[in-house]
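Working notes for the structure below.
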Amino acid sequence: MADGGSCSSHEYRSPHHSDRKKAMAELGNGKKQASPEEVHPRKAFGWAAKDKSGVLSPFAFSRRNTGADDVTIKILYCGICHSDLHTAKNEWSNAIYPMVPGHEIVGVVTEVGQNVQNFKVGEKVGVGCIVNSCLSCQNCNRDYENYCPRIILTYNSLDVDGTMTYGGYSNMVVVNQHFVIRFPENLPLDKGAPLLCAGITVYSPLKEHGLDVPGKHLGVVGLGGLGHVAVKFGKAFGMKVTVISTSLKKEKEAIERLGADAFLVSSNAEQMQAAMGTMDGIINTVSADHSIAPLAFLLKTHGKMIMVGAPEKPLQLPIFSLILGGKTLAGSCIGGIKATQEMIDFAAKNNITADIELIPISYLNEAMERLTKADVRYRFVIDIGNSLTEA
Ligand code: NAP
Ligand code: ZN
């Protein structure tokens with residue numbers, strides 16, 4: 001997966017990852033001695049994880065100057081995705097420290113390169129999980145930069161100049177214009193930030209798999225950052241939406257505030273039995289180990305379950321849960337840039353934003369602890385503009 005994070009769950013085992021490791025080793029061996037200060041003359045600061053404890057602390061680093069095709073952005077808000085947590089704690093075995101996570105970035109343009117026509121200083125923009133790709137392979141040509149073998153993620157990725165990418169838990173970022181998302185005027189910056197990963201990760205597969213059709217029945221497993229926006233997109237598409245959660249704790253909110261039509265507790269055998277064979281599609285956002293067979297049984301014949309959650313360890317797949325009823329199990333990794341802009345515009349038009357808890361950066365480690373326990377309604381967003389100060 002490319003979500004720096006999440007799609008780094010695709011990415012962490014890809015050949016590209018070993019390329020990165022090799023390049024890092026070469027840098028380390030002195031074969032390619034570009035000092036970060038030479039390549040990146042601009043001072044930046046943020047918070048970084050320094051080891052697999054995942055504990056974050058202030059970190060000074062540097063970024064490149066604005067290139068001809070670059071947009072430089074002062075960061076105002078950054079969402080905290082569970083992928084940031086997986087990656088900071090090296091749960092996907094791909095971490096390179098120090099690591100500045102964050103790929104739900106919203107800010108204001110402060111400088112543009114000479115080739116940049118579509119963005120102007122002062123405009124509000126977003127950056128999601130991808131900051132570069134080859135732009136010429138089969139996937140890029142079909143607007144699937146998210147599946148480009150040479151994808152460069154917003155953080156924890158080796159950039160084209162041989163330095164590491166650093167994410168949005170920081171004061172500023174320099175990004176190639178192709179990967180910058182225009183933020184509509186009426187979309188709130190803080191509540192809109194999580195759409196840049198959580199939003200596109202659920203929107204894209206719903207579209208790709210024909211699960212955006214009025215009257216169809218969608219199951220959303222896991223009511224966290226991704227899950228709660230999946231409910232909102234499902235309802236905006238005119239679908240019937242059922243949440244499948246681990247406890248009753250979120251039931252009232254799911255129905256009354258988020259607009260879900262029904263709520264199931266996955267451990268309640270009676271409820272699960274009664275809902276068998278009723279769903280056209282399921283989007284599974286669970287971040288940890290869980291049983292997928294009982295979920296597959298909720299699908300109608302030929303129903304599809306799309307896996308977007310990326311647990312640390314492999315899941316068990318009792319194959320009869322798919323064979324019976326000819327069901328499909330699919331995976332999906334964020335979405336392309338065109339789809340991300342389309343999703344943001346759709347969200348602005350339909351008043352879809354994330355439900356957030358806005359935090360100062362000083363609360364970051366506590367927020368990570370709470371995210372581990374699914375104790376957030378429903379996305380932490382860091383108020384970078386008002387709370388991040390130089391170390
Ligand atoms: P999150 O806010 O922590 O939500 C995950 C939800 O999963 C929790 O709120 C909880 O919902 C449920 N859950 C947690 N532990 C569980 C368990 N042991 N058994 C069953 N359900 C459990 O995380 P998120 O930011 O939405 O991300 C979810 C997952 O998607 C993460 O693994 C993340 O890395 C991945 N991701 C993938 C992509 C992609 O491109 N594929 C993009 C972004 C994120 P309830 O309280 O309702 O049970
Ligand atoms: Zn993410």
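Every number for a ligand or one of its atoms is a count from 1 in the order of the listing.
- Residues in residues 375-385 take part in these side-chain hydrogen bond (donor to acceptor under 3.5 Å, both in side chains) pairs, two or more places apart or across chains: Glu104-Arg379, Glu253-Arg377, Glu253-Tyr378, Arg370-Asp375, Asp383-Asn386.
- Closest heavy-atom approach to atom 1 (P) of ligand 1 within the set His228, His82, His290: this belongs to His82.
- Atoms of ligand 1 found under 4.0 Å from any heavy atom of Lys250, numbered from 1 in the order shown, are 9 (O), 11 (O), 45 (P), 46 (O), 47 (O).
- At least one heavy atom of Asp289 sits under 4.0 Å from some atom of ligand 1.
- If you number the atoms of ligand 1 from 1 as listed, the ones under 4.0 Å from a heavy atom of Arg379 come out as 24 (P), 25 (O).
- Phe233 and Tyr203 have their aromatic ring centers within a separation under 6.0 angstrom.
- Below 3.5 Å of separation, one finds an N or O of Val308 facing an N or O of ligand 1.
- The one candidate from Asn350, Asn351, Thr353, Asp355 that meets the side chain to side chain donor-acceptor pair (under 3.5 Å) condition with Lys232 is Asp355.
- For ligand 1, the atoms sitting less than 4.0 Å from at least one non-hydrogen atom of Gly309 are 29 (C), 30 (O), 32 (O), 35 (C), numbered in the order shown with element in parentheses.
- For the residue pair Lys300 / Thr278, no side-chain donor-acceptor distance below 3.5 Å is found, with atom types taken as modelled.
- Considering backbone and side-chain atoms alike, Ser247 places every N or O at 3.5 Å or more from each N or O of ligand 1.
- The distance from the Zn ion (ligand 2) to the nearest N/O/S atom of Cys129 is not under 2.8 Å.
- By the 4.5 Å heavy-atom criterion applied to side chains, Met164 and Leu158 are counted as neighbours.
- When each atom of ligand 1 is checked for a heavy atom of Ser245 under 4.0 Å away, the hits are 45 (P), 46 (O), 47 (O), 48 (O).
- Counting only N and O atoms by type, the side chains of Ser287 and His86 include no donor and acceptor under 3.5 Å apart.
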Quiz prompt | Full working for ring-ring contact (aromatic ring centres under 6.0 Å, His included) between Tyr155 and Tyr169 | solution = CA-CA 10 Å; Tyr155 66 87; Tyr169 299 2; 7.5 Å; no

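- Applying the salt bridge (charged side-chain N to carboxylate O under 4.0 Å, His left out) rule to pairs touching residues 109-128 yields Arg42-Glu111, Glu123-Arg182, sequence neighbours excluded.
- At a cut-off of 2.8 Å, His82 is not counted among the residues with an N, O or S atom near the Zn ion (ligand 2).
- In this structure, Met307 falls outside the shell of residues with a heavy atom less than 4.0 angstrom from ligand 1.
- Using a 4.5 Å heavy-atom threshold, the side chains of Ile282 and Leu299 count as touching.
- At under 3.5 Å, not a single nitrogen or oxygen of Ile244, backbone or side chain, sits near a nitrogen or oxygen of ligand 1.
- The contact set between ligand 1 and Ile334, taken as ligand atoms under 4.0 Å from a residue heavy atom, comprises 39 (C), 40 (O).
- With a 4.0 Å heavy-atom cut-off, ligand 1 is reached by no atom of Lys249.
- For ligand 1 and Leu371, the ligand atoms under 4.0 Å from any heavy atom of the residue are 2 (O), 3 (O).
- By the 30° and 60° cut-offs, the orientation of the rings of Tyr144 relative to Tyr147 is tilted.
- Under 4.0 angstrom from ligand 1, the non-hydrogen atoms of Cys197 all belong to its side chain.
- Residue contact annotation: Ala310 has a non-hydrogen atom under 4.0 Å from ligand 1.
- Within ligand 1, the atoms closer than 4.0 Å to a non-hydrogen atom of Trp92 are 34 (O), numbered from 1 in the order shown.
- With respect to Asp280 and Lys304, no salt bridge is recorded, no charged nitrogen being found less than 4.0 Å from a carboxylate O.
- Counting heavy atoms under 4.0 Å from ligand 1, residue Thr201 touches it through the side chain alone.
- Thr110 and Thr72 form no side-chain donor-acceptor contact under 3.5 Å, judged by distance and modelled atom types alone.
- Residue Leu223 has at least one heavy-atom neighbour below 4.0 Å for each of these atoms of ligand 1: 9 (O), 11 (O), 45 (P), 47 (O).
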Practice problem: Kindly determine whether Asp289 and Lys313 satisfy salt bridge (charged side-chain N to carboxylate O under 4.0 Å, His left out), including the steps that lead there. | Solution: CA-CA 7 Å; Asp289 190 26; Lys313 298 210 172 78; over 6 Å; no

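- Compare Ser266, Ser332, Gly224, Pro311 by their heavy atoms: the one nearest to atom 6 (C) of ligand 1 is in Gly224.
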